[in-house]
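In what follows, a single structure is set out as structure tokens and then discussed.
All values derive from a computational prediction rather than experimental measurement. Keep in mind that the numbers below use all heavy atoms, side chains included, and drop hydrogens, waters and symmetry copies.
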Amino acid sequence: MKDRVYISILYDFYSELLTDKQRVYFEDYYFNDLSLNEIAEKFSITKQGVRESLVKTENILINYEETLSLNNKHLLRKHKIDLIYKTIDNLDLDIDTKHDLKKEISSIE
């Protein structure tokens, strides 16, 4: 299975595009820390069935990101905002003005 952190981030962006079953299995495995066996017993299916569903869900999330790039766009925006903050820090302005500028930018995020 894929990198847990990356897949969890993608889930934050795209979970509403998944089926209820995909969301439940995913959340039980990734967020509730249930094992494949525990999920299988909970839903009266096979361990292999749970695993296949999770792999399919992971691939769906990756395909959504490849198509829509919401996570990549988010990271790019975050990087640009960080650059703006650094630029503000380097400006010859008083601390209160810098703080106000950063506060204004953060309200846009």
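Of all heavy-atom pairs between Glu38 and Ser35, the closest is OE1-N, 2.7 Å.
Put simply, the side chain of Asp33 never gets that close to the backbone of Tyr29: no donor and acceptor are under 3.5 Å apart. The main-chain N or O of Arg4 is found under 3.5 Å from a side-chain atom of Ser8 such that the two form a donor-acceptor pair. Under a 3.5 Å cut-off, the side chain of Glu52 and the backbone N or O of Gly49 do not form any donor-acceptor pair. When atom types are taken as modelled, the side chain of Ser106 and the backbone of Lys103 share a donor-acceptor pair closer than 3.5 angstrom.
Rounding to the nearest 0.5 Å gives a distance of 10.5 Å between CG of Asn37 and CG of Leu34. In this structure, Glu27 CD and Ser15 OG are separated by 7.0 Å, a value rounded to the nearest 0.5 Å. For the atom pair NZ (Lys78) and CG (Asn71), the distance works out to 11.5 Å, reported to the nearest 0.5 Å. Taking NZ of Lys47 as the reference point, atom CZ of Arg51 lies at 9.0 Å (rounded to 0.5 Å). Atoms CG and NZ, on Asp82 and Lys80 in that order, are 12.5 Å from each other to the nearest 0.5 Å.
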Inset, instruction - Begin from the C-alpha positions of Leu101 and Leu93 and carry the test side-chain contact (heavy atoms from CB on, under 4.5 Å) through to its verdict. - result: CA-CA 10 Å; Leu101 285 170; Leu93 299 170; 3.7 Å; yes

Inset, instruction - Start with the C-alpha gap between Tyr14 and Ile62, add the side-chain angles, then the distance that decides, and say whether side-chain contact (heavy atoms from CB on, under 4.5 Å) holds. - result: CA-CA 10 Å; Tyr14 304 113; Ile62 290 167; over 6 Å; no

Inset, instruction - Take His79 and Leu75 through the side-chain contact (heavy atoms from CB on, under 4.5 Å) test and state the conclusion after the steps. - result: CA-CA 6 Å; His79 175 71; Leu75 294 174; over 6 Å; no

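For Tyr64 and Phe13, the ring centers sit 6.0 Å or farther from each other. The aromatic ring centroids of Phe26 and Tyr11 lie less than 6.0 Å from each other.
The hydrophobic clustering, which links ILVMFWY residues whose side-chain heavy atoms are closer than 4.5 Å, places Ile88 and Ile95 apart. Note: the hydrophobic cluster containing Leu83 does not contain Leu76 (ILVMFWY, side chain heavy atoms under 4.5 Å, direct or indirect links).
Side chain to side chain, Glu65 and Tyr6 fail the donor-acceptor criterion of an N or O pair below 3.5 Å. Using a 3.5 Å distance cut-off with no hydrogens or angles, the side chains of Asp94 and Thr97 do pair a donor with an acceptor.
Under the salt bridge (Lys or Arg N to Asp or Glu O under 4.0 Å) criterion, Asp89 pairs with Lys102, not counting sequence neighbours. The side-chain hydrogen bond (donor to acceptor under 3.5 Å, both in side chains) check on Lys42 picks up Asp28, with sequence neighbours excluded.
A 4.5 Å side-chain heavy-atom check between Lys56 and Ile60 finds at least one atom pair inside the cut-off. Side-chain contact between Leu17 and Leu61 is absent, with no heavy-atom pair separated by less than 4.5 Å. Side chains of Tyr25 and Ile45 form a contact here, defined as non-hydrogen atoms less than 4.5 Å apart. Contact annotation: the side chain of Ile39 never approaches that of Asn32 to less than 4.5 Å [non-hydrogen atoms, C-beta and beyond]. Ile7 has its side chain out of reach of Asp3: every pair of non-hydrogen atoms, C-beta onward, lies at least 4.5 Å apart.
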